[in-house]
Undergrad: 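First the structure, then my questions, so here it is.
These values consider heavy atoms only, across backbone and side chains, with no hydrogens, waters or symmetry-generated copies. All values derive from a computational prediction rather than experimental measurement.
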Amino acid sequence: MEKNMQVNFDFLKERVVNSLDNTDLEFIRNELSKLSEPTLFSGVGGSSVVSEFGAKVINAKNGIVSVNSEPRDFLYRNNSAFRNVVACSYSGNNYGVELSFLKNLRKYLLSNNSFDDNDITYLKYSTTIDKERSFISLGATLIPTSILMDYYLNGKNSLMLDCIEETSFDFDLGSDVYEIFSGYDTSTASKYLESTMVESGIGIPIVHDKYSYCHGRSPLGINYNAIAIYYNRNTEFDRMMLEELKKYYSRIITIDSKYEDQILDDYQMLIQSMYLTKYIAEKKNVDLSDVKYCQIVKKLYKYKGEI
């Protein structure tokens, strides 16, 4: 399949449905349900979106401490309070997975692949559709996120699949700077947005925790011609913030809540965010599937030395 953003968006829902149909979901649900002690999730790039969502799902569903972590942090943090680690990686064989598995924790790998290692529980998802060819991981991010969503919904996936529809946007860019207003409840969506803007070069993102913005993070709004992107869950605080931000930002893009359930809402906001990046990329004549990346990637991507 050619590297083309529109093609990959056209196949997005089909890829998710195909994976749900071809994955042993019962096995994955059963293994995830056994997580009853503090658990770390890890992932890099598009998989960091998956690990962020996974940590939230297990915290909400299993009622345990569950934290997302960068793989390198495993080397510098005291991990003794945790008992499990779930590494999220489409390929399953990058250095981040190795770093996550260095400590003496029960190891799980949520991946499109599995390997011959009896010390690892493989949470393998499968597809029969041709592999996605894209620099920005769309299906490779949404498929494992949907597998985790299936666990959260106990297999009742009609609401989840209803979320995978195109969201329309219509605004002039006018700036390369984007101030993103988010928080724990919308962190999966904002992590995708920030990561994709950086990796594709379509914008300069600054992510604000909504409440932290109230305590000193507002000067950017009066010093730069930034576009505000606000994850709106329709709380009293959100209504107040949006009213005030109108005074300082000429363009405010809202990603709006549709569900009371926080996990389901973050999932659908993730999909809205995907279509927002598609809109911005199209306005800038950028193909998210065929990004002209910096050549430093060729040296850094496969680094496996001391870190």
Side-chain angles (χ1 to χ4, degrees), residues 19 23-126 137 140-154 184 187-188 191-192 195 262-263 266-267 270 300-307:
S19 184
T23 297
D24 189 345
L25 297 173
E26 184 175 350
F27 173 79
I28 292 177
R29 289 186 211 125
N30 184 58
E31 291 302 319
L32 291 176
S33 70
K34 295 176 184 177
L35 298 176
S36 59
E37 297 178 286
T39 299
L40 287 164
F41 276 74
S42 73
V44 293
S47 292
S48 70
V49 179
V50 181
S51 59
E52 177 74 11
F53 191 69
K56 294 173 68 172
V57 164
I58 296 303
N59 173 258
K61 178 85 170 178
N62 295 28
I64 62 172
V65 173
S66 184
V67 177
N68 187 28
S69 174
E70 293 288 342
R72 182 176 178 273
D73 292 350
F74 280 73
L75 302 178
Y76 294 94
R77 181 189 50 234
N78 184 341
N79 300 289
S80 61
F82 295 92
R83 295 292 178 267
N84 311 300
V85 55
V86 182
C88 303
S89 169
Y90 184 81
S91 67
N93 60 5
N94 67 48
Y95 193 34
V97 174
E98 293 181 36
L99 293 171
S100 302
F101 285 170
L102 285 176
K103 301 301 179 180
N104 188 26
L105 303 171
R106 286 190 292 271
K107 302 172 181 62
Y108 298 79
L109 178 63
L110 178 62
S111 177
N112 188 237
N113 287 316
S114 60
F115 308 96
D116 187 18
D117 189 332
N118 293 329
D119 291 332
I120 299 173
T121 299
Y122 293 100
L123 309 175
K124 185 179 184 296
Y125 48 90
S126 302
S137 301
T141 295
L142 193 59
I143 286 172
T145 305
S146 301
I147 297 295
L148 291 161
M149 194 75 218
D150 167 84
Y151 170 63
Y152 181 75
L153 294 172
N154 296 315
Y184 178 80
S187 62
T188 307
K191 180 175 278 291
Y192 164 83
S195 174
Q262 181 189 128
I263 301 296
D266 199 12
Y267 179 86
L270 166 63
L300 300 186
Y301 188 77
K302 294 185 178 180
Y303 177 81
K304 288 193 174 184
E306 184 180 357
I307 200 166

Undergrad: Have a look at N94 and tell me which of S89, S100, S47 forms a side chain to side chain donor-acceptor pair (under 3.5 Å) with it.
TA: S89

Undergrad: To the nearest 0.5 angstrom, please state how far the CG atom of L40 sits from the CZ atom of R77.
TA: 5.0 Å

Undergrad: Give me the ring orientation class for Y125 and Y90: parallel if the planes are under 30° apart, tilted from 30 to 60°, perpendicular past 60°.
TA: tilted

Undergrad: Specify the closest pair of heavy atoms between E70 and G43, including all atoms of both residues, with the distance to one decimal.
TA: OE1-O, 4.2 Å

Undergrad: Using the rule given for side-chain contact (heavy atoms from CB on, under 4.5 Å), can you reason through N62 versus Y151, listing the C-alpha separation, both sets of side-chain angles and the distance that settles it, and then say yes or no?
TA: CA-CA 11 Å; N62 295 28; Y151 170 63; 2.6 Å; yes

Undergrad: For S91 and N93, does a side-chain donor sit closer than 3.5 Å to a side-chain acceptor?
TA: yes

Undergrad: Look up atom CD in Q262 and atom OG1 in T188, then write down how far apart they are to the nearest 0.5 Å.
TA: 9.0 Å

Undergrad: Hey, does the side chain of T121 reach the backbone of Y108 with a donor-acceptor pair shorter than 3.5 angstrom?
TA: no

Undergrad: Should V65 and F82 count as side-chain neighbours, where that means a heavy-atom distance under 4.5 Å?
TA: yes

Undergrad: State, to 0.1 Å, how close N30 and S33 come at their nearest heavy-atom pair, and which atoms those are.
TA: O-OG, 2.6 Å

Undergrad: For residues 97-107, which residue pairs pass the salt bridge (Lys or Arg N to Asp or Glu O under 4.0 Å) check, not counting sequence neighbours?
TA: E37-R106, E98-K304

Undergrad: As an exercise, state the distance from CG of D266 to CD of E52, rounded to the nearest 0.5 Å.
TA: 8.0 Å

Undergrad: Heavy atoms only: give me the nearest G54-S66 pair and the separation to one decimal.
TA: O-OG, 4.4 Å

Undergrad: From F53 CZ over to Y152 OH, what is the distance, rounded to the nearest 0.5 angstrom?
TA: 8.5 Å

Undergrad: Show, in sequence, the C-alpha distance, side-chain angles and deciding distance for Y122 and N113, and conclude whether the side-chain contact (heavy atoms from CB on, under 4.5 Å) test is met.
TA: CA-CA 8 Å; Y122 293 100; N113 287 316; over 6 Å; no

Undergrad: Please determine which of L99, L105, N104 meets the side chain to side chain contact (heavy atoms under 4.5 Å, CB included) test together with L102.
TA: L99

Undergrad: Between N78 and S80, does the side chain to side chain donor-acceptor pair (under 3.5 Å) criterion hold? Intermediate values first, please.
TA: CA-CA 6 Å; N78 184 341; S80 61; 2.7 Å; yes

Undergrad: Walk me through it: do T39 and N84 pass the test side chain to side chain donor-acceptor pair (under 3.5 Å)?
TA: CA-CA 5 Å; T39 299; N84 311 300; 3.0 Å; yes

Undergrad: Supply the atom-to-atom distance L110 CG to L148 CG, rounded to the nearest 0.5 angstrom.
TA: 5.5 Å

Undergrad: Please lay out, stage by stage, how E31 and K34 fare under the test salt bridge (charged side-chain N to carboxylate O under 4.0 Å, His left out).
TA: CA-CA 5 Å; E31 291 302 319; K34 295 176 184 177; 3.1 Å; yes

Undergrad: Applying side-chain contact (heavy atoms from CB on, under 4.5 Å), run through K191 and N68 and close with a yes or a no.
TA: CA-CA 12 Å; K191 180 175 278 291; N68 187 28; 4.0 Å; yes

Undergrad: Considering non-hydrogen atoms only, spot the tightest contact between S126 and N112 and give its length.
TA: CA-ND2, 4.0 Å

Undergrad: Give the C-alpha distance, both sets of side-chain angles, the deciding distance and a yes or no for side-chain contact (heavy atoms from CB on, under 4.5 Å) between L142 and Y267.
TA: CA-CA 9 Å; L142 193 59; Y267 179 86; 3.9 Å; yes

Undergrad: Please report the closest heavy-atom contact between Y184 and K56, naming both atoms and the distance.
TA: O-NZ, 2.6 Å

Undergrad: Can you name the closest pair of heavy atoms from S51 and S48 and give their distance?
TA: OG-O, 3.0 Å

Undergrad: Could you give the distance from CD1 (I263) to CG (L153), rounded to the nearest 0.5 Å?
TA: 10.0 Å

Undergrad: So do the side chains of D150 and R29 get within less than 4.5 Å of each other, counting heavy atoms only?
TA: yes

Undergrad: With side chain to side chain contact (heavy atoms under 4.5 Å, CB included) as the test, pick out the partner of L109 among V97, L123, D117.
TA: V97

